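Before any comments, here is the structure.
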Amino acid sequence: MHESYEFYCLADRTFYESPANRGAQHPDFALAGRAVPDRWRHVPGETWMHYAPNELKLPAQGWKIHVSARLADVERTLEAVWEYCVPRGIAFKFLRNEPVLVMVNSKAAPRGSSGKLVTIYPTDEAQLELVLKELDGILQGVKGPYILSDLRYGEGPLFVRYGAFVSRFCLSPTGERVLALEDDQGRLVPDHRGPTFAVPSWVTLPDFLRPQLDARNAVTTNDLAYTIDGVIQFSNGGGVYLGHHNETGDRVVLKEGRPYAGLDMAGRDAVARIAHEKDILEQLDGLDVVPKLHDYLQLGEHHFLVQEHIDSVSLQRELVRRYPLTHPDATEADKAEYAEWAAQMVGKVAEAVGQLHERGVVFCDLHPDNVLLDVDGRLTLIDFEVATRAEDKARSTLAHPGYAAPGDRQGVDVDRYALACIALGVYAPQATILLNLHPGKAFQLADMITETFPVPRATVEEAVRTIVGPQATHDPEMVDLALPGEADWPEVREALTRSIVASATPGRTDRLFPGDIAQFRDGGGIDLATGAAGILYALAKTGADRFPEYDEWLRKRAVGTETGPGLYDGLHGVAHVLDELGYRQDALDLVDRTLADDWSSRELGLHSGLAGIGLNLLHFDTEPALRAKAVRVLDLVADRLGDVTDVPEVSGGQQARAGLMHGSSGPALLFLEAFEQLGDTGLLDLAEIAIKQDLRRTTLTPDGMRQVDQGWRTLPYLEEGSAGVALVLERYLRHRPSDELTATLAELQRVTHCSYYVQPGLFMGRAGLLLTAASLGEEQVTVDDLVYGLGWHAMPYQGGLAYPGNQLLRLSMDLATGSAGVLLALGTALHDAPASLPFLGPPQWSESTSRRSAPKEV
């Protein structure tokens with residue numbers, strides 16, 4: 001599955017959708033429509049079209065060939081590969097259409113996998129060598145981007161890499177389940193797929209590829225007049241580096257352009273854009289609000305723009321540092337101080353953009369990350385790759401989604417639109433992304449801004465008029481929206497239910513409700529986190545309604561879907577929901593399907609791993625066989641847990657993640673549930689270790705919030721943040737009080753006292769903080785503020801209330817990221833019956849409850 005959210009925005013304007021469903025107006029490459037050869041099979045995917053002879057038996061891993069091509073050479077390349085591979089019985093696959101190709105080669109695409117148009121699967125090294133030599137001649141003249149993960153063959157578009165041909169999995173050093181290769185000892189090890197070429201330690205590079213590796217290693221930056229001192233950032237178009245001039249010592253920024261890579265909507269590559277940026281900077285020479293141009297040079301095929309280095313921070317970073325609503329219990333004085341600073345910043349940005357317009361230049365990529373502020377107060381605009389000349393009245397070809405002007409704006413109006421979005425966005429960070437879904441949202445954002453900050457109404461209304469047009473009036477869909485905190489609970493619940501039901505597509509087999517991009521992996525359309533099971537669970541738990549036709553869709557699809565056993569991404573979650581809905585035998589049948597798994601390659605976490613599996617087995621522990629399996633899982637988790645200091649002090653990146661869904665809080669929840677059922681106090685000891693492992697990966701912020709520490713940022717959220725840890729710690733403290741841990745819990749809970757979160761979702765947004773605050777019995781004023789704040793992201797859909805998913809680019813109805821998660825969180829706070837996530841609701845155990853007999857020691 002492609003991990004870019006923009007990739008899943010290609011096919012639908014409202015929901016994330018597979019690019020395979022783009023329709024007739026966006027056809028596949030002509031070759032995809034060619035008749036499948038006799039005795040061949042064709043498997044279409046959302047990204048790739050796969051072809052292989054029926055009788056071919058490929059090895060599980062080996063050397064694969066990748067072919068790249070610029071847009072102008074695509075059809076010729078595909079035709080040549082087909083005509084070469086089919087007669088010789090060689091398996092291959094290719095990207096299915098041009099929009100997919102542009103997206104996987106775009107500036108924001110993952111660098112390691114970008115550039116690939118075709119993958120060819122030789123059966124052995126002899127065939128590898130032959131195919132490379134013969135195709136190299138056939139494809140003479142074809143140009144394409146360099147595939148960074150691979151070794152280039154010759155000077156053409158062919159690249160090679162050793163990797164898996166089939167999907168196998170193992171646990172990574174961080175404890176996560178990842179794609180695997182088999183090493184020379186027969187062990188499965190991670191199949192690393194980074195942006196640099198590497199050969200597994202047990203694999204020998206074929207002799208005929210040695211000259212290619214030597215040629216690659218011979219390319220250095222030694223001949224540059226500049227020394228690169230560090231990396232500012234990488235993109236698929238090339239790096240941005242901090243350096244200095246070798247003779248003068250002046251610090252500079254070097255901006256790299258890779259040929260045929262980093263495509264924008266006009267099909268221009270990074271080289272074309274930085275050459276254009278040079279021309280624009282020359283036109284703007286002398287302005288203090290743009291960096292000075294120093295040099296433009298070429299190293300091999302790569303181009304470098306050299307410009308002034310400005311010791312500064314971005315407006316975005318400064319905004320994050322100052323924004324009062326992401327700090328607990330912000331006062332009116334805090335808001336007033338921030339509003340004064342924000343107004344000054346908006347004015348300075350407008351003045352700087354005005355200077356560009358006076359020189360006849362439209363920025364076309366105005367957003368807070370492209371505005372720099374230095375210690376002396378100088379404001380500088382950077383990144384002029386897509387700038388245009390005012391007389392051209394052009395559109396931007398590459399822009400931040402929260403500041404990208406609609407199609408009816410050209411020329412300087414593109415910048416005016418972005419300025420208006422900044423004028424709102426400094427008070428509602430990232431929320432202007434929602435204007436792409438519904439421009440009328442600007443009216444309601446203006447209302448919330450003026451209710452929250454001492455901002456003159458005229459200021460925000462001017463921005464709104466720029467966004468929606470001077471003649472626009474309040475959007476009736478927004479006026480009639482049943483907003484949380486304003487409408488009563490039954491009305492809000494009905495509005496959310498209406499939008500969820502309106503989005504249903506029971507005629508589809510891949511999904512019932514639209515949600516996160518994760519639902520496009522195998523089985524993702526039925527699961528608890530992003531599929532139908534989670535949505536039906538939320539509807540049932542909040543008393544919204546029952547929908548027998550949707551129950552039947554889930555029951556039918558669950559029988560025929562091949563997916564993993566996980567609680568939130570697999571069959572155990574679906575089984576749990578079916579049992580909650582009254583389909584006990586269906587649930588037991590699904591659980592039975594998971595028992596053949598040996599669990600050796602399963603992570604420990606709640607979301608996909610052993611903690612979630614064990615909890616659901618305990619849920620069904622009246623079944624003797626499942627009770628025994630639950631004890632087996634407890635043993636496995638206990639054996640692999642380790643001690644408190646066996647985990648690092650940061651979460652994520654190259655380290656194991658902390659938190660409820662992927663960290664040690666999931667195993668802690670398993671041990672607590674088992675203790676409440678079985679009464680073995682050794683389980684409490686294990687729960688304490690697991691909780692302290694996650695607490696080890698937290699840090700106390702200056703404003704008294706304990707959050708999960710990722711090294712470069714801290715997280716408050718339910719999935720991988722302090723909120724999820726707090727829920728499990730509070731449950732532990734019911735059984736084993738501790739003054740020290742009670743104080744720690746108070747520090748964790750302070751994250752619920754903030755008034756703004758960038759996303760509304762349950763796992764990584766406001767809804768999760770609301771569920772946490774309500775579950776932990778926070779003061780009503782805190783809960784009320786969290787409920788009211790759901791208005792920042794509230795959206796209309798088909799006469800109901802809906803919420804955007806992760807990244808805010810499209811609406812989502814699922815539990816983890818979208819409307820069903822908001823519904824469940826509101827139910828936790830407002831419903832008259834308990835509502836929460838599985839195993840996080842009111843305790844089933846009390847001191848007076850007779851415990852069942854304890855299992856063997858774990």
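What you see is a predicted model, and the numbers here were worked out from it, not measured in a lab. Residue numbers count from 1 along this sequence.
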Atom pair [atom1]/[atom2] of [X] and [Y] - distance to nearest 0.5 Å:
X: K556; Y: T561; atom1: NZ; atom2: OG1; value: 11.5 Å
X: S812; Y: Q759; atom1: OG; atom2: CD; value: 10.5 Å
X: Y146; Y: R111; atom1: OH; atom2: CZ; value: 12.5 Å
X: T47; Y: K116; atom1: OG1; atom2: NZ; value: 12.0 Å
X: E83; Y: L31; atom1: CD; atom2: CG; value: 8.5 Å
X: L297; Y: H302; atom1: CG; atom2: NE2; value: 13.0 Å

May I ask you to decide if [Y]'s main-chain N or O and [X]'s side chain share a donor-acceptor pair within less than 3.5 Å?
X: T505; Y: G507; value: no
X: N105; Y: L101; value: yes
X: T432; Y: G402; value: yes
X: R210; Y: P206; value: no
X: D136; Y: K133; value: no
X: D527; Y: G531; value: yes
X: S396; Y: C364; value: yes
X: S68; Y: P145; value: yes
X: E256; Y: G239; value: yes
X: S114; Y: P110; value: no

Taking the side chain as every heavy atom from C-beta outward, state whether [X] and [Y] have any atom pair closer than 4.5 Å.
X: V100; Y: F7; answer: yes
X: Y417; Y: P406; answer: yes
X: V231; Y: V240; answer: no
X: H66; Y: V160; answer: no
X: T196; Y: S149; answer: no
X: L181; Y: L188; answer: no
X: Y797; Y: T14; answer: yes
X: M49; Y: D28; answer: yes

Identify whether NZ of Lys or CZ of Arg in R88 sits under 6.0 Å from the centre of the six-membered ring of Y84 and within 45° of that ring's axis.
->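 The answer is yes, since R88 meets both limits relative to Y84.
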Decide whether [X] and [Y] meet the rule of one side-chain donor and one side-chain acceptor closer than 3.5 Å.
X: T817; Y: N806; answer: no
X: T123; Y: Q127; answer: yes
X: N370; Y: H367; answer: yes
X: D516; Y: Y5; answer: yes

For R161 and D191, run salt bridge (Lys or Arg N to Asp or Glu O under 4.0 Å): C-alpha distance rounded to whole Å, both residues' side-chain angles, the deciding distance at 0.1 Å, then the answer.
-> CA-CA 11 Å; R161 173 186 177 272; D191 182 8; 2.8 Å; yes
Using a cut-off of 6.0 Å, state whether more than 12 heavy atoms not belonging to [X] lie near its atom [atom1].
X: D207; atom1: CG; answer: no
X: K107; atom1: NZ; answer: yes
X: E75; atom1: CD; answer: yes

Show the numbers, then the answer: is there a side-chain contact (heavy atoms from CB on, under 4.5 Å) between R268 and E385?
-> CA-CA 10 Å; R268 297 186 306 170; E385 290 184 8; 5.9 Å; no
Aromatic ring proximity, centroids under 6.0 angstrom, F513 and Y550 |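 Centroid distance Y550-F513: below 6.0 Å, so yes.
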What about F159 and F197, are their ring centers closer than 6.0 Å?
->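 Ring centroids of F159 and F197 are no less than 6.0 Å from each other.
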Between R34 and E79, does a salt bridge (Lys or Arg N to Asp or Glu O under 4.0 Å) hold up when you go through it step by step?
-> CA-CA 11 Å; R34 183 176 292 188; E79 180 75 23; 2.8 Å; yes
According to the interplanar angle, ranging from 0 to 90°, do the rings of Y403 and H400 count as parallel (below 30°), tilted (30 to 60°) or perpendicular (above 60°)?
->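 Y403 and H400: perpendicular rings.
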If the plane angle is over 60° it's perpendicular, under 30° parallel, otherwise tilted; pick one for F304 and Y241.
->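 Because their plane-to-plane angle lies in the 30° to 60° range, the rings of F304 and Y241 count as tilted.
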Which heavy-atom pair separates [X] from [Y] by the least distance, and what is that distance?
X: D365; Y: D383; answer: OD2-OD2, 4.2 Å
X: D183; Y: V189; answer: OD2-CG1, 3.8 Å
X: I274; Y: G257; answer: CD1-N, 3.7 Å
X: D415; Y: L366; answer: O-CD2, 4.1 Å
X: R511; Y: F15; answer: NH2-CB, 4.3 Å
X: L10; Y: P99; answer: CD1-O, 3.9 Å

Hey, mind stepping through E562 and L571 against side-chain contact (heavy atoms from CB on, under 4.5 Å) and telling me if it holds?
-> CA-CA 9 Å; E562 293 297 326; L571 293 180; over 6 Å; no
Salt-bridge criterion met for E301 and R258 (N-O under 4.0 Å) |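 Between R258 and E301 there is no salt bridge, as every charged N stays at least 4.0 Å from the carboxylate O atoms.
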With Y51, which of W82, W40, Y121 fulfils ring pair (Phe, Tyr, Trp, His ring centres under 6.0 Å)?
->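 Running ring pair (Phe, Tyr, Trp, His ring centres under 6.0 Å) over W82, W40, Y121 with Y51 returns exactly one hit, W82.
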Let me check something: any side-chain donor-acceptor pairs from residues 55-65 under 3.5 Å, sequence neighbours excluded? List them with distances.
residue	atom	partner	partner atom	Å
Q61	OE1	R168	NH2	2.9
Q61	OE1	E182	N	2.8
Q61	NE2	Y162	OH	3.2
Q61	NE2	E182	O	2.9
K64	NZ	A164	O	2.7

L554/L512 under side-chain contact (heavy atoms from CB on, under 4.5 Å): CA gap, chis, key distance, verdict = CA-CA 8 Å; L554 181 60; L512 177 57; 5.9 Å; no
Working for side-chain contact (heavy atoms from CB on, under 4.5 Å), residues L179 and S167 = CA-CA 6 Å; L179 289 167; S167 295; 4.1 Å; yes
Checking salt bridge (Lys or Arg N to Asp or Glu O under 4.0 Å) for the pair R273/E277: CA distance, chi angles, key distance, verdict?
-> CA-CA 6 Å; R273 285 200 307 278; E277 181 169 11; over 6 Å; no
Using the salt bridge (charged side-chain N to carboxylate O under 4.0 Å, His left out) rule, collect all pairs that involve residues 806-820, keeping only residues at least two apart or in two chains.
->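 Of all non-adjacent pairs touching residues 806-820, none passes salt bridge (charged side-chain N to carboxylate O under 4.0 Å, His left out).
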Give the intermediate values and the outcome of side chain to side chain donor-acceptor pair (under 3.5 Å) for residues Y8 and E46.
-> CA-CA 10 Å; Y8 293 89; E46 64 178 25; 2.3 Å; yes
